[in-house]
Amino acid sequence: MATDKKDEKFIQYWENIMQLGRLPYSLIYGLIAGFFLFVLTNFAYYLFTDETLLHLNWDSFLSALICYLIGVFIFYVPAWNVNSFKYHVILKRKTKSKSKKK
């Protein structure tokens with residue numbers, strides 16, 4: 001089935017990520033999420049003030065740091081837990097289906 005291939009891909013992906021570890025996963029993907037959040041907030045700030053935060057000053061550094069921290073905590077707690085839960089549900093479903101086939 002198509003869902004079996006999709007589940008197998010997810011299992012492979014998540015097992016590789018789990019080997020990386022929770023903290024490195026959060027730092028790497030948090031950086032990516034923080035970057036996109038910084039760009040989005042900078043765009044919104046520009047729409048309202050006609051200025052940008054892309055200057056090398058304290059405000060832009062603080063904004064980038066806050067966006068990075070938000071990105072890390074979004075990936076550190078919820079994303080890791082949701083993917084772990086999904087991983088265990090898929091494994092449990094696979095073991096049930098194997099035991100029914102026997």
Quick one: [atom1] on [X] to [atom2] on [Y], what's the gap to the nearest 0.5 Å?
| X | Y | atom1 | atom2 | value |
| --- | --- | --- | --- | --- |
| Y68 | L37 | OH | CG | 13.5 Å |
| L91 | K96 | CG | NZ | 12.5 Å |
| F43 | L47 | CZ | CG | 4.0 Å |

List for me each residue that meets side-chain contact (heavy atoms from CB on, under 4.5 Å) alongside [X], sequence neighbours excluded, and say none if there are none.
| X | value |
| --- | --- |
| L62 | W58, I66 |
| Q12 | none |
| V39 | F35 |
| F10 | Y13, W14, N83, K86, Y87, I90 |

Taking the hydrophobic residues Ile, Leu, Val, Met, Phe, Trp and Tyr, and joining any pair whose side-chain heavy atoms are under 4.5 Å apart, which ones share a cluster with V89?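 Besides V89, the cluster holds F85.
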Could you tell me if the side chain of [Y] sits less than 4.5 Å from the side chain of [X], heavy atoms only?
| X | Y | value |
| --- | --- | --- |
| K94 | D4 | no |
| L69 | L65 | yes |
| C67 | T41 | yes |

Got a list of side-chain donor-acceptor pairs under 3.5 Å for residues 23-32, not counting sequence neighbours?
residue	atom	partner	partner atom	Å
S26	OG	R22	O	2.9

Testing the basics here: between A33 and G71, what is the closest heavy-atom pair and its distance to 0.1 Å?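 Closest pair (atom of A33, atom of G71, distance): CB-CA, 4.1 Å.
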Nearest heavy-atom neighbours spanning P78 and F73: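 Where P78 meets F73 most closely, the heavy atoms are CD-O, 3.3 Å.
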